Amino acid sequence: MIAVGLIADRLKEAFARGKAIVLQPHQTERLRGMLFEKENGPRKYAVINRKYVGKNVDVILREAGIPCDPTKRLAVCEVDADHPFLWTEMMMPVIGLTRTRTVDDAIDFALEVEHGFRHTASMHSRNIDKLSKMARLCDCSIFVKNGPNAAGLGYGGEGPTSFTIASPTGEGMTTARSFTRVRRCTLVDHFRII
């Protein structure tokens, strides 16, 4: 997750009020050592410890010696731009958060971190020009503006539910009938007229 300047502080506060636990730097590093079997250097994909894939955050944190209420659903870790929490698809309820100076820096960095997978991306902003810029540059099958990524799958957003683990390859949102890659661009709240 990438946030511009002080917005990162507001995000961390919102996560803490919700069902997330915001970790301290020493806790983040302890978790890092446990969740990766091998790191390949800065800004590189790391090898995850599959033992923790799909586990609840309280289970993962307790094993790392970090107290966690079982009602928590996510661990948020503020990290630097080179941290493997940003560069690796972890498949567990741990997310890295880093800061950038401007929204344009955030968009550029998000494109780099996304690795060109072009599956799903999201952005929260009131600036339609920046939302449009991000949507065009990321060229994803699903782009969600101002909502959770699940909204792009039809959950509280647009379209029928489609489980899209392989949307760009033809096994998800594309069909044998059309062989086209449908792209969804979902805007939650603003400009949503029902």
Side-chain angles (χ1 to χ4, degrees), residues 1-3 8-9 11-100 106 109-124 138 140-144 147-157 161-169 171-172:
M1 176 180 295
I2 303 157
D9 293 328
L11 274 172
K12 288 193 322 188
E13 290 169 9
F15 277 125
R17 283 191 308 271
K19 293 195 175 207
I21 180 170
V22 179
L23 299 181
Q24 297 300 314
H26 71 281
Q27 294 172 318
T28 299
E29 290 311 301
R30 186 179 324 156
L31 201 57
R32 175 183 184 168
M34 188 177 93
L35 297 183
F36 296 119
E37 290 181 357
K38 179 183 176 195
E39 291 189 33
N40 295 308
R43 297 186 177 223
K44 301 279 193 234
Y45 209 86
V47 178
I48 60 172
N49 185 337
R50 293 175 188 254
K51 173 182 174 183
Y52 300 105
V53 171
K55 300 288 185 191
N56 289 344
V57 72
D58 63 307
V59 172
I60 294 169
L61 294 181
R62 270 198 313 270
E63 195 157 324
I66 301 168
C68 181
D69 183 331
T71 64
K72 298 298 183 182
R73 296 286 174 244
L74 180 70
V76 178
C77 312
E78 186 167 351
V79 296
D80 65 60
D82 294 333
H83 202 283
F85 282 3
L86 299 174
W87 294 90
T88 306
E89 185 176 18
M90 295 174 53
M91 298 179 282
M92 53 190 85
V94 177
I95 190 167
L97 169 68
T98 195
R99 297 172 190 251
T100 62
F109 186 65
L111 293 173
E112 194 178 345
V113 168
E114 202 268 333
H115 301 291
F117 293 157
R118 293 182 174 23
H119 182 278
T120 305
S122 60
M123 180 176 172
H124 294 262
C138 73
C140 288
S141 297
I142 301 170
F143 183 70
V144 179
N149 285 352
L153 299 176
Y155 183 77
T161 300
S162 172
F163 299 101
T164 62
I165 192 71
S167 61
T169 66
E171 299 162 14

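Fair warning: this is a prediction, and the values are worked out from it, not measured in the lab.
- In this structure, Val79 and Gly96 approach most closely via the heavy-atom pair CG2-CA, 4.2 Å.
- Between Arg99 and Asp9 there is a salt bridge, with a side-chain nitrogen of the basic residue lying less than 4.0 Å from a carboxylate oxygen of the acidic one.
- Panel note: side chain Glu39, backbone Gly41; no donor-acceptor pair is recorded below 3.5 Å.
- Donor-acceptor pairing under 3.5 Å is recorded for the side chains of His83 and Glu29.
- When side chains are defined from C-beta on, Thr28 counts as touching Leu23, because their heavy atoms get closer than 4.5 Å.
- Leu111 has its side chain within reach of Cys138: a pair of non-hydrogen atoms, C-beta onward, lies under 4.5 Å apart.
- Atom OG1 of residue Thr88 and atom CD1 of residue Ile48 lie 8.5 Å apart, to the nearest 0.5 angstrom.
- Side chains of Asn49 and Phe36 form no contact here, defined as non-hydrogen atoms less than 4.5 Å apart.
- The residues Lys55 and Glu63 are annotated as not salt-bridged, no charged nitrogen and carboxylate oxygen being separated by less than 4.0 angstrom.
- A distance-only check finds no donor-acceptor pair linking the side chain of Asp58 to the backbone of Cys68 [under 3.5 Å].
- Counting only distance, with no hydrogens or angles, the side chain of Arg30 and the backbone of Ala64 share a donor-acceptor pair below 3.5 Å.
- Surrounding NZ of Lys12 are more than 12 heavy atoms belonging to other residues, nucleotides or ligands, all under 6.0 Å away.
- Within the 4.5 Å cutoff, the side chain of Trp87 has heavy atoms near those of the Glu112 side chain.
- Annotation: side chain of Leu86 is in contact with side chain of Phe109 (closest heavy-atom distance under 4.5 Å).
- Not a single donor-acceptor pair under 3.5 Å links the side chain of Ser122 to the backbone N or O of Asn149.
- Residues Ile21 and Pro67 share a closest heavy-atom pair of CD1-O, 3.7 Å.
- Between Leu35 atom CG and Met90 atom CE the span is 5.0 Å, to the nearest 0.5 Å.
- Put simply, CG on Leu61 and CD1 on Ile66 are 5.0 Å apart, with the number rounded to the nearest 0.5 Å.
- Taken to the nearest 0.5 Å, the CG atom of Leu11 stands 8.5 Å off from the NE2 atom of His124.
- Taken from CG in Asn56 to OG1 in Thr71, the straight-line distance is 11.0 Å, to the nearest 0.5 Å.
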